[in-house]
Number of protein chains: 2
Amino acid sequence: MSSGGLTIGDAAARAGLPVKTVRYYDEAGLVRPGRGANGYRVYGETEVHKLAFLRRARGLGFSIEACRALLSLYEDHGRASADVRRLALDRVAQIDDKLAELQELRQVLVELVDACQGDTRPDCPILDRLSGEEVP
Amino acid sequence: MSSGGLTIGDAAARAGLPVKTVRYYDEAGLVRPGRGANGYRVYGETEVHKLAFLRRARGLGFSIEACRALLSLYEDHGRASADVRRLALDRVAQIDDKLAELQELRQVLVELVDACQGDTRPDCPILDRLSGEEVP
DNA sequence: CTTGACCTTCCCGTTACGGGAAGCCCCACC
DNA sequence: GGTGGGGCTTCCCGTAACGGGAAGGTCAAG
C-alpha cells in the first residue's frame, strides 16, 4: 500500500511550482518534507497543500518572510483573522508606496518624452534634464 | 598648479553619490577615471558630470544597461534624439507593465481585506483564498 | 545490464550596490 | 621624525528568490 508520499517532482507538479523553488522552500524552512531511505524528499498531502498555498501567496507578491508568517497563521487554528488581515494590509501599503513612486516617475518621463522631438537631430530635452540643465 | 583632479570621495560628494556606487560605475565601465601615481582614482570635471548624469538617470529608474546607452548618446553629439526618446519610452512601457501588475494585485488584496472581519476569530477569507478554496 | 529519467548536493549568476576586512598613503600635529 | 586618523585600494560576503548547470547516486524499464 502506497503511503501517498510523492517525490519532489510530483509534488512540485501538483503544487504548480518549479522543482527548484520547492527545494528552495525546503531550505528556507517553509515546507520541510520527510526523507526516504534513499535520501529523496518525500512530500505528503499536507506539504503539497502548503506548497500550493505558497504559490498563491507569492503570486500576490508576499515576500518569503511574509509567507512564513501567513503559513504559520494558516496552520494555527486558534489564530485571529486580524493578524492575517494586518499582513495583507501591510502588503497593500507596500504596493501603494510602489505605485506612488512609479506614477511619479512615469509623470516625469512622459513629460520629457513629450518635450522631445524624437527626430534625427541631436537636441534632446531628456538628455538636457539628465545632464542637470534647469528646465523652468 | 592643481590639475583639477578629484579623489573618489570628492567626486562622489560633488556628484551626490556614495563612494561605493562611484567605484561600482568604474568597475561597470560607465565612468572610468584616470589613476594617480599612488593608484588613486582621479576624476576630472567631465567624469563628475557623467556621475551626476548617472545619478539622475538612475533616479528615473533606468537600469545600468539603459544608463550605459543613455551615456553613450549623451557623449555622441551626432546622436538622433529619437534614440534617446525610444529609451525613455521603453522605460515608460516597463513602468506601465509594473503599474498594471501592481494595480491588479492591489485590487485582489483589497477585496480580500474587505471580506475579512479582522477580529479575534480564526475564520479568514484571505487564508481561504490562499489555501485554494473556491470563492464564487 | 544498460539506458535514461529522476533525485541529491554544491556552486555560480542575476541587480545594484552596502558592509567590512586588510593593507597602502598622505597630511597634520607634536 | 614619529604617529595618529583619515581616505584610498582591493577583495569577499550578503542582499531576494530563485535558475542553470555540474558531478554523482537511484530506480524502473527494456
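The figures here come from the full heavy-atom set of this structure, side chains too, leaving out hydrogens, waters and symmetry mates. As the structure is a computational prediction, the values presented were derived from the model and not from experiment.
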* To do: In whole angstrom, give the distance that lies between atom CG of A/Asp26 and atom P of C/dC10.
  => 13 Å
* Asked: For A/Ile64 and D/dA16, what is the distance between atoms CD1 and P respectively, to the nearest whole Å?
  -> 10 Å
* Would you tell me if any nitrogen or oxygen in the side chain of B/Arg68 comes within less than 4.0 Å of OP1 or OP2 on C/dA16? => no
* Can you get from A/Tyr24 to A/Val22 by hopping between Ile, Leu, Val, Met, Phe, Trp and Tyr side chains that sit under 4.5 Å apart? -> yes
* Name the nucleic acid region contacted by B/Arg23, choosing base, sugar-phosphate or nothing; use a 4.0 angstrom heavy-atom cut-off, strictly under. => base
* To do: Please determine if a side-chain N or O atom of A/Tyr40 lies less than 4.0 Å away from the OP1 or OP2 oxygen of D/dC27.
  => no
* To do: Using a 4.5 Å cut-off on heavy atoms from C-beta on, say whether the side chain of A/Leu109 contacts that of A/Ile126.
  => no
* Taking atom P of C/dA16 as reference, at what distance in whole Å does atom CZ of B/Arg55 sit? -> 18 Å
* Taking only side-chain nitrogens and oxygens of A/Thr7, does any of them come within less than 4.0 Å of OP1 or OP2 of C/dC6? -> no
* Examine D/dA17: is either OP1 or OP2 under 4.0 Å from a nitrogen or oxygen in the side chain of A/Tyr25? Give yes or no. => no
* Asked: How close or far is atom C1' of C/dC7 from atom CG of A/Leu6, stated in whole angstroms?
  -> 14 Å
* Asked: Can you name the one residue among B/Val92, B/Leu60, B/Val84 that meets side chain to side chain contact (heavy atoms under 4.5 Å, CB included) with A/Leu112?
  -> B/Leu60
* **Cluster overlap B/Leu87 with B/Phe53, hydrophobic side-chain contacts below 4.5 Å** => yes
* Between B/Arg35 and D/dC8, is there a side-chain N or O to OP1/OP2 distance below 4.0 Å? -> no
* Structure fact -> When rounded to whole Å, the CZ to P distance for the pair B/Phe62 and C/dC17 reads 15 Å
* How many Å lie between OH on B/Tyr24 and C1' on D/dT10, as a whole number? -> 17 Å
* Asked: So, is A/Ser63 close to the D/dA16 phosphate, meaning a side-chain N or O under 4.0 Å from OP1 or OP2?
  -> no
* Asked: Given atom CD of A/Glu65 and atom P of D/dA16, what is their separation to the nearest angstrom?
  -> 8 Å
* Asked: Any side-chain N or O of A/Arg41 under 4.0 Å from OP1/OP2 of C/dC7?
  -> no
* Rounding to a whole Å, what distance do you find between B/Leu17:CG and C/dC17:P? -> 8 Å
* Asked: Of B/Arg68, B/Glu65, B/Lys50, which meets side chain to side chain contact (heavy atoms under 4.5 Å, CB included) against B/Leu30?
  -> B/Arg68
* **DNA chain D: 5'-proximal contact among A/Asn38 and A/Lys20 (nearest heavy atom)** => A/Lys20
